[in-house]
Peer 1: 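Could you have a look at this structure, given as structure tokens, before my questions?
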2 protein chains.
Amino acid sequence: MDGSSSPSAEATGTVRAARRTRNKPEDRHREFVRKAIELFAEVGFEAGTRELAQRLGVTQPLLYRYFPSKDDLIAAVYQEIYVNRWKSEWREGLMDDSRPIRERIIAFYEDYTHTIFTPEWIRIYIFAGLRGVDINRRYAATVETEILRPITLATRQSFGLGGAEPPSPQEVELFWTLQGGIFYYGVREIVYQFPMPVDRPTMIRNAVDTFLTGVGPVLKRLADQETKDNSTR
Amino acid sequence: MDGSSSPSAEATGTVRAARRTRNKPEDRHREFVRKAIELFAEVGFEAGTRELAQRLGVTQPLLYRYFPSKDDLIAAVYQEIYVNRWKSEWREGLMDDSRPIRERIIAFYEDYTHTIFTPEWIRIYIFAGLRGVDINRRYAATVETEILRPITLATRQSFGLGGAEPPSPQEVELFWTLQGGIFYYGVREIVYQFPMPVDRPTMIRNAVDTFLTGVGPVLKRLADQETKDNSTR
DNA sequence: ATTTTTACTTATCGATCGATAAATAACATT
DNA sequence: AATGTTATTTATCGATCGATAAGTAAAAAT
């Protein structure tokens with residue numbers, strides 16, 4: 001493929017005559033993680049360390065100076081994407097009583113999808129889920145406590161239902177359906193690469209409007225069931 | 001791990017002293033695909049052919065007598081799961097005007113989730129999506145034409161809206177949100193292995209009730225926009 | 001009973017993977 | 001300018017992967 005004379009250079013994945021510029025460890029670390037995110041998003045975690053090294057213009061064993069093992073590199077990738085990119089403003093915005101609930105939810109989903117609807121975020125999230133790492137379980141737990149429960153309480157209030165009791169599982173599950181529906185839009189767009197004839201803001205508006213219009217009666221029914229269960233218990 | 005003396009037996013993945021029972025080719029073919037589905041659902045497509053052979057109690061090269069390459073085996077897996085398990089009754093049931101729309105949709109999703117909410121179906125579907133094969137694009141296209149468009153038309157009718165014009169992209173997208181929300185319930189249950197405090201039928205009922213209650217006004221708005229667009233065009 | 005067919009195994013190749021040890025050269029310290 | 005530190009490369013190991021060629025034995029055909 002290339003005209004390199006040494007066959008061992010091909011075998012070891014050496015790029016050719018080393019550049020040998022020396023960088024600060026912190027910069028390298030960040031650079032490695034950044035490119036690893038890029039590569040893993042494309043190929044998945046079975047992407048070779050040699051491929052990564054080549055994209056970095058660096059030899060493969062150098063990676064092991066910064067990450068004891070490939071799994072540690074992967075852990076750093078998780079940290080960067082799913083921890084560092086989380087915005088605490090999401091929760092705050094959703095709990096801001098001064099704005100109407102519809103506006104809050106739409107604003108949240110527009111910003112949230114803007115953050116997570118990238119190949120890096122979505123594909124790596126799904127790769128991780130299939131791998132069985134607990135990243136997804138932990139992330140979804142965060143979504144539930146930081147996003148869905150606040151939304152549930154705020155929505156309940158805006159319908160003049162119930163007080164401050166914690167949301168019931170059925171209530172939370174209801175809002176998971178909205179979350180999942182919107183998330184799956186991103187999966188179709190980014191993973192399956194569907195042509196998406198409806199743009200994101202429109203999709204979000206329609207989904208939220210449908211949901212908020214319909215959720216009132218169901219929440220009411222759940223609240224009634226709840227009080228009945230309590231009285232018969 | 002095992003007490004086998006020969007190291008080459010370990011290396012080649014030989015199981016031990018061959019059983020040498022001779023089977024009919026068609027039976028073998030089916031057996032291979034069945035076990036391949038099981039294995040791929042667990043590990044993904046990077047599962048080794050040796051691992052598969054071992055689970056079948058057969059040597060690895062025998063696989064290549066039935067499938068020219070690993071990719072052909074994978075193709076057979078797709079065919080079995082996503083083509084052979086599709087039920088034409090789904091479309092028919094959804095278009096059965098004699099039953100109320102809510103009942104039809106709930107019945108469909110109960111049967112549909114019963115079919116696809118298995119580790120085999122969901123995990124392999126997601127593995128395929130990340131691989132970039134067109135399985136998912138083709139499957140989703142089928143879902144859209146065979147399921148979502150009929151649902152859209154039936155729902156529209158039940159609200160006394162519009163005639164037989166084909167559903168607009170925005171309308172279809174709306175029903176994709178419901179589909180995605182329910183699908184994502186399965187992903188959380190089966191892939192992320194969340195504890196699911198709300199059972200499937202209840203989730204489906206709540207989701208469909210919320211959706212059907214709220215979708216009326218939005219469909220109406222979309223229909224009005226449509227006619228306005230047509231008149232100004 | 002002998003021959004023919006073919007399902008199945010043994011053995012092995014070449015590529016690629018994650019990881020380690022040792023050599024080298026760029027930068028910091030004095 | 002000499003020395004020390006460490007970022008980076010070279011070389012290589014052992015395991016595992018998909019795939020192929022050649023041998024073996026079970027069933028079918030005669």
Side-chain angles (χ1 to χ4, degrees), chain A residues 1-2 4-32 35-36 39-40 43-77 131, chain B residues 1 4-32 36 39-40 43-77 131:
Chain A
M1 182 115 4
D2 67 350
S4 76
S5 51
S6 154
S8 75
E10 273 278 285
T12 52
T14 305
V15 206
R16 199 95 191 91
R19 279 249 314 286
R20 226 60 186 294
T21 39
R22 231 173 125 114
N23 290 35
K24 283 190 197 151
E26 317 94 57
D27 292 348
R28 273 283 194 240
H29 198 278
R30 272 203 305 276
E31 197 190 357
F32 284 10
K35 270 271 191 277
L39 177 61
F40 289 150
V43 195
F45 296 117
E46 67 270 27
T49 52
R50 284 172 179 81
E51 167 79 16
L52 175 57
Q54 189 178 339
R55 290 189 183 203
L56 285 160
V58 145
T59 57
Q60 180 245 0
L62 186 61
L63 299 173
Y64 287 85
R65 180 141 193 120
Y66 293 89
F67 304 94
S69 75
K70 192 182 174 183
D71 276 336
D72 290 279
L73 172 60
I74 292 175
V77 165
R131 269 198 138 204
Chain B
M1 190 147 308
S4 78
S5 51
S6 154
S8 77
E10 273 278 284
T12 51
T14 305
V15 206
R16 200 96 192 87
R19 280 247 315 285
R20 226 63 187 288
T21 39
R22 235 174 122 113
N23 291 35
K24 282 190 196 150
E26 318 94 56
D27 292 348
R28 273 283 194 241
H29 198 276
R30 271 203 305 276
E31 196 190 356
F32 284 12
L39 178 60
F40 289 152
V43 195
F45 296 117
E46 66 271 25
T49 53
R50 284 171 180 83
E51 167 79 16
L52 175 57
Q54 188 177 339
R55 290 188 183 204
L56 285 160
V58 145
T59 56
Q60 179 245 0
L62 185 59
L63 298 173
Y64 288 85
R65 180 139 192 123
Y66 294 88
F67 305 93
S69 75
K70 190 181 173 182
D71 276 335
D72 289 278
L73 172 59
I74 292 174
V77 164
R131 267 198 139 203

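By convention in this document, chain letters (A, B, ...) are assigned in the order of the sequence lines, proteins followed by strands, and residues within each chain are numbered from 1. Values below: all heavy atoms of this structure, side chains included; hydrogens, waters and symmetry mates excluded.
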Peer 1: What closest approach, in Å, do Ala53(B) and Thr59(B) show between heavy atoms, and which atom pair accounts for it?
Peer 2: CB-C, 3.7 Å
Peer 1: Starting at OH of Tyr64(B) and ending at C1' of dA11(C), how long is that distance when rounded to a whole Å?
Peer 2: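 Atom-to-atom, Tyr64(B) to dA11(C), this comes out as 16 Å.
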Peer 1: Counting side-chain heavy atoms from C-beta on, which of dA7(C), dA21(C), dT8(D) comes nearest to Arg65(A)?
Peer 2: dT8(D)
Peer 1: Please report the distance, rounded to the nearest Å, between CD in Gln54(B) and P in dT16(D).
Peer 2: 12 Å
Peer 1: Tell me, please, which residues at least two apart from Asp71(B) pass side chain to side chain donor-acceptor pair (under 3.5 Å).
Peer 2: none
Peer 1: Return the nearest nucleotide to the side chain of Gln60(B); candidates are dC8(C), dA19(D), dA19(C).
Peer 2: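 Minimum distance to the Gln60(B) side chain belongs to dA19(D).
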Peer 1: For Ser69(A) and Tyr64(A), which heavy atoms make the closest approach, and how far apart are they?
Peer 2: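 Reported closest heavy-atom pair: CA-CE2, 4.1 Å.
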Peer 1: How close do Leu73(B) and Ala36(B) get, heavy atom to heavy atom, and via which atoms?
Peer 2: CD1-CB, 3.9 Å
Peer 1: Please report, rounded to the nearest Å, how far the P atom of dT8(D) is from the CG atom of Leu56(A).
Peer 2: 11 Å
Peer 1: What residues form a side chain to side chain donor-acceptor pair (under 3.5 Å) with Arg30(B), not counting sequence neighbours?
Peer 2: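 With sequence neighbours excluded, Arg30(B) shows a side chain to side chain donor-acceptor pair (under 3.5 Å) to Asp27(B), given in chain and number order.
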Peer 1: Is there any salt bridge (charged side-chain N to carboxylate O under 4.0 Å, His left out) pair reaching into residues 55-70 of chain B, and which pairs are they, with sequence neighbours excluded?
Peer 2: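 Non-adjacent pairs meeting salt bridge (charged side-chain N to carboxylate O under 4.0 Å, His left out): Glu42(B)-Arg55(B), Glu51(B)-Arg55(B).
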Peer 1: With sugar-phosphate meaning primed atoms plus P, OP1 and OP2, does Phe67(A) contact a base, only sugar-phosphate, or nothing at under 4.0 Å between heavy atoms?
Peer 2: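 Phe67(A): no heavy atom of the nucleic acid under 4.0 Å.
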Peer 1: For the pair made of NZ in Lys70(A) and C1' in dT20(C), what is the distance, rounded to whole Å?
Peer 2: 17 Å
Peer 1: Can you tell me the distance, in whole Å, between the CG atom of Leu62(B) and the P atom of dT24(D)?
Peer 2: 18 Å
Peer 1: Using rotation axes that map the C1' atoms of four end pairs onto the next four (five pairs an end), what angle separates the end axes of the helix from dA1(C)-dT30(D) to dT30(C)-dA1(D), to 10°?
Peer 2: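 End axes: 0° apart.
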Peer 1: Describe the nucleic acid contact of Pro25(B) in one word from base, sugar-phosphate, nothing, applying a heavy-atom distance below 4.0 Å.
Peer 2: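 The residue Pro25(B) makes sugar-phosphate contact but no base contact.
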Peer 1: So, taking the atom named CZ in Phe67(A) and the one named CG in Leu52(A), what distance separates them when rounded to the nearest 0.5 Å?
Peer 2: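 Rounded to the nearest 0.5 Å, the CZ-CG separation comes to 9.0 Å.
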Peer 1: So which of Leu63(B), Leu62(B), Leu39(B) actually passes side chain to side chain contact (heavy atoms under 4.5 Å, CB included) with Leu56(B)?
Peer 2: Leu63(B)
Peer 1: Roughly how many Å is it from CG in Asp27(A) to C1' in dA7(D), rounded to a whole number?
Peer 2: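 To the nearest whole Å, that distance equals 13 Å.
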Peer 1: Counting only side-chain heavy atoms from C-beta out, which of dT20(C), dG18(D), dA11(C) sits nearest to Pro61(B)?
Peer 2: dA11(C)
Peer 1: Any side-chain N or O of Thr59(B) below 4.0 angstrom from OP1/OP2 of dC8(C)?
Peer 2: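 Result: no.
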Peer 1: Sequence neighbours left out, what passes salt bridge (charged side-chain N to carboxylate O under 4.0 Å, His left out) with Glu31(A)? Give chain and number order.
Peer 2: Arg28(A)
Peer 1: Within this structure, what is the CD-to-C1' distance between Glu46(A) and dT16(C), rounded to whole angstrom?
Peer 2: 13 Å
Peer 1: Distance check: side-chain N/O of Tyr66(A) vs OP1/OP2 of dT8(D), anything under 4.0 Å?
Peer 2: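 For Tyr66(A), the contact criterion (side-chain N or O under 4.0 Å from OP1 or OP2 of dT8(D)) is met.
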Peer 1: dG18(D) P sits how many Å from Phe45(B) CZ, rounded?
Peer 2: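 After rounding, the reported distance stands at 13 Å.
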Peer 1: Polar atom pairs between nucleotides 13-15 of chain C and protein, under 3.5 Å, N or O only, would you list them?
Peer 2:
none

Peer 1: Can you classify the ring geometry of Tyr66(A) versus Phe32(A) as parallel (below 30°), tilted (30 to 60°) or perpendicular (above 60°)?
Peer 2: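 Taking Phe32(A) first and then Tyr66(A), their aromatic rings stand perpendicular (interplane angle over 60°).
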